[in-house]
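Before any comments, here is the structure.
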Amino acid sequence: MASDGATVWFTERAGNKLGRFDGSFSEYPVPTLTSSPTGIVLDSAGCAWYAAPTANQIGRFCPVRVFLP
């Protein structure tokens, strides 16, 4: 789990997804099938980095943020 103080990010290893809770739950599929994401951290830009051990990869996910005037 990782948090920026307003949002909590987590991995769904068996579901091959990343999850986010910011008052409601959102799920994001990991593009590499059966990568079993685990271990998540956030960088200063708000992007989530995670390990994908069964794919021998490190993944990065940056959520789209829409700023309205």
Task: Over all atoms of both residues, closest heavy-atom pair of A48 and I40 - done: CB-CD1, 3.9 Å
For residues 29-38, run the donor-acceptor check on the side chains, cut-off 3.5 Å, and write out each pair with its distance to 0.1 Å, sequence neighbours left out.
from, atom 1, to, atom 2, distance (Å)
T32, OG1, Q57, OE1, 3.1
S35, OG, N16, OD1, 3.1
S35, OG, T32, O, 3.2

- [ ] May I ask you to check whether over 12 heavy atoms, not counting those of I58, lie within 6.0 Å of atom CD1?
- [x] no
Open item on the list: So, using side chain to side chain contact (heavy atoms under 4.5 Å, CB included) as the criterion, who are the partners of D43 when residues are at least two apart?
Closed with: A45, C47, W49, R60
TODO: Go through the structure and list residues passing salt bridge (charged side-chain N to carboxylate O under 4.0 Å, His left out) with E27, not counting sequence neighbours.
DONE: K17
- [ ] Only counting residues at least two apart or in another chain, list the ones meeting ring pair (Phe, Tyr, Trp, His ring centres under 6.0 Å) with Y28.
- [x] W9, F61
